[in-house]
Amino acid sequence: MAKAKKDMSRQEKKGQYEIRMKKLLAEFSKVLIAVADNVGSNQMQTIRQGLRGDSVVLMGKNTLIRRVIRKYVEESGNQDYTNLIPLLVGNVGLIFTKGDLKEVSEEVSKYKVGAPARVGLVAPIDVVVQPGNTGLDPSQTSFFQVLNIPTKINKGTVEIITPVELIKQGDKVGSSEAALLAKLGIRPFSYGLVVKSVYDSGSVFSPEVLDLTEEDLMAKFAGGVAMVASLSLAIGYPTLAAAPHMFVNAYKNVLAVALETEYSYPLAEQVKEYLKDPSKFAVAAPVAAAGAPAGEAPAAKVEEKKEEPEEESDEDLGFGLFD
């Protein structure tokens with residue numbers, strides 16, 4: 001009887017969970033899928049409180065979440081949420097939000113808690129022990145010797161001489177490494193919700209996309225247009241991106257034909273005149289000189305002419321070249 005009551009209670013909880021999740025699916029169109037490895041209940045409560053207002057954090061078993069999504073899709077006919085199902089792998093949670101995705105993602109990343117290196121834990125980052133005084137007495141040098149960490153005794157305490165990469169990312173933490181870090185009081189790891197995917201109205205993309213600025217988007221768009229134009233010019237296929245370049249190239253070809261033949265047109269006549277009399281290229285020079293006073297330029301030339309014989313004269317020194 002007690003077991004039946006317990007099973008009924010479990011079924012009721014599942015029913016309430018299903019109702020709540022369907023309500024969230026109907027109300028929100030933006031979801032952050034976050035990994036919750038090594039996140040404790042107290043830390044999760046803090047995250048919920050920090051996001052309260054325009055966001056809701058929903059945790060649960062992946063099988064239950066998948067089943068609720070499939071039921072909601074069948075009932076509502078909204079197929080967009082089926083894109084969430086492949087993302088429900090591992091210890092993940094859903095953050096439903098009406099706010100700006102970038103701002104919510106940044107807010108989630110703030111709630112991280114430092115954690116010690118436990119034995120058997122896979123290191124999420126490299127752990128490097130920096131040189132300096134450890135505050136440990138000389139009897140503790142055995143820990144450092146086992147890990148091949150160079151030390152010296154300074155003022156009655158152990159001092160690390162050089163930086164040492166104690167644990168590499170992806171390696172499991174050993175007992176010696178964990179004991180040493182504990183003695184040094186180092187909590188090398190920090191844990192919190194880590195956003196791994198973003199869902200927005202049926203589209204799923206990486207969270208790195210949220211960091212793109214308008215300048216980044218414009219640069220990527222310009223690069224794409226340049227690639228289209230290059231390809232179009234190479235294969236001779238007209239496109240909107242390549243049209244300006246094609247018109248310029250065509251005009252250059254027509255102008256080249258006009259210069260090599262007797263065929264001409266008004267713009268080509270002007271170019272032919274320039275080629276016949278290159279001095280016409282210096283049309284801008286008198287305009288620039290006109291801005292200066294009339295008497296300055298000739299005076300400068302006269303001074304230059306006077307200076308030339310002074311530099312070349314050897315007689316002023318009182319002897320000739322062969323004296």
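The structure presented is a predicted model; accordingly, all values stated were derived computationally and were not measured.
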If you link ILVMFWY side chains whenever their heavy atoms are less than 4.5 Å apart, which other residues fall into the same cluster as Met246? By chain and number, please. Leu233
Once you round to the nearest 0.5 Å, how far does CD of Glu27 lie from NZ of Lys98? 4.0 Å
Measure the CD-CG distance between Glu106 and Leu101 for me, rounded to the nearest 0.5 Å. 11.5 Å
Are side-chain heavy atoms of Val204 and Val198 found at a separation under 4.5 Å? no
Keeping the roles fixed (side chain from Asp171, backbone from Ile167), state whether a donor-acceptor pair exists under 3.5 Å. no
Check the pair Leu184 / Thr134 against side chain to side chain contact (heavy atoms under 4.5 Å, CB included), numbers first and verdict last. CA-CA 6 Å; Leu184 296 176; Thr134 64; 3.6 Å; yes
Around atom OH of Tyr265, are there more than 12 heavy atoms from other residues, nucleotides or ligands closer than 6.0 Å? yes
Please tell me if the side chains of Met227 and Leu231 come closer than 4.5 Å, counting only heavy atoms from C-beta onward. no
If you round to the nearest 0.5 Å, how far is CD1 of Ile65 from CZ of Arg70? 12.0 Å
Fit a plane to each ring of Tyr81 and Tyr199, take the angle between them on a 0 to 90° scale, and name the class: parallel (under 30°), tilted (30 to 60°) or perpendicular (over 60°). parallel
Please round to the nearest 0.5 Å and tell me the distance separating atom CZ of Arg48 and atom OG of Ser41. 10.5 Å
Transitive ILVMFWY side-chain link Leu24 to Leu51, under 4.5 Å: no
Same apolar cluster (I L V M F W Y, side chains within < 4.5 Å links), Phe96/Val39: no
Residue list, salt bridge (charged side-chain N to carboxylate O under 4.0 Å, His left out) with Lys61, at least two apart or on another chain: none
Return yes if some donor-acceptor pair links the side-chain N/O of Gln169 with the main-chain N/O of Pro124 below 3.5 Å, else return no. yes
Test item: Asn42 and Thr46 side chains (from C-beta on) under 4.5 Å apart, heavy atoms: no
Counting only heavy atoms not in Phe205, do more than 12 fall under 6.0 Å of its CZ? yes
Working note: Leu193 + Ile47, criterion side chain to side chain contact (heavy atoms under 4.5 Å, CB included); need CA distance, chi angles, decisive distance, verdict. CA-CA 9 Å; Leu193 292 181; Ile47 296 172; 3.8 Å; yes
Among the clusters formed by ILVMFWY side chains lying less than 4.5 Å apart, do Ile161 and Ile186 turn up in the same one? no
Approximate separation, where rounding is to 0.5 Å, of Leu32 CG and Ser55 OG: 7.5 Å
Are Val89 and Asn62 packed together at the side-chain level, in the sense that at least one heavy-atom pair is separated by less than 4.5 angstrom? no
Which residue in the set Thr82, Ile85, Leu84 passes side-chain contact (heavy atoms from CB on, under 4.5 Å) when paired with Arg66? Ile85
More than 12 heavy atoms of other groups within 6.0 Å of Ile235 CD1: yes
Glu74 bridged to Lys71 by N-O distance under 4.0 Å: no
When you measure from the side chain of Asp100 to the backbone N and O of Glu103, does any donor-acceptor pair fall under 3.5 Å? yes
Side chain to side chain contact (heavy atoms under 4.5 Å, CB included) between Val31 and Ile95, intermediate numbers included: CA-CA 5 Å; Val31 185; Ile95 304 175; 5.7 Å; no
Between Lys183 (side chain) and Leu136 (backbone), is there a donor-acceptor pair under 3.5 Å? no
Can you sort out the partners of Glu269 under side chain to side chain donor-acceptor pair (under 3.5 Å), two or more places apart, ordered by chain and number? Ser264
Test item: Lys22 and Val68 side chains (from C-beta on) under 4.5 Å apart, heavy atoms: yes
Under a 4.5 Å cut-off applied to non-hydrogen side-chain atoms, are Met21 and Leu58 in contact? yes
Within 6.0 Å of NZ in Lys23, more than 12 heavy atoms from elsewhere: no
Hey, are the side chains of Glu177 and Lys172 touching, using non-hydrogen atoms and a 4.5 Å cut-off? no
Arg187 versus Gly114, closest heavy-atom pair with distance: NH2-O, 2.8 Å
Using a strict threshold of under 4.0 Å (side-chain N to carboxylate O), is an ion pair present between Glu18 and Arg67? no
Would you say Lys112 has more than 12 foreign heavy atoms packed within less than 6.0 Å of its NZ? no
Glu107 side chain to Lys102 backbone, donor-acceptor under 3.5 Å: no
Measuring from Asp54:CG to Thr97:OG1, what's the distance to the nearest 0.5 Å? 4.5 Å
Same apolar cluster (I L V M F W Y, side chains within < 4.5 Å links), Phe28/Val104: no
Closer than 3.5 angstrom, by distance alone: can the side chain of Asn91 be matched with the main-chain N or O of Ala36 as a donor-acceptor pair? yes
Going by heavy atoms in the side chains, are Ile160 and Phe144 under 4.5 Å from each other? yes
Could you verify whether a donor N or O on one side chain and an acceptor N or O on the other, from Thr157 and Asn133, lie under 3.5 Å apart? yes
Derivation of the side chain to side chain contact (heavy atoms under 4.5 Å, CB included) call for Val195 and Ile33: CA-CA 6 Å; Val195 178; Ile33 299 87; over 6 Å; no
Could you check whether atom CD of Glu165 has more than 12 heavy atoms from other residues, nucleotides or ligands sitting under 6.0 Å from it? yes
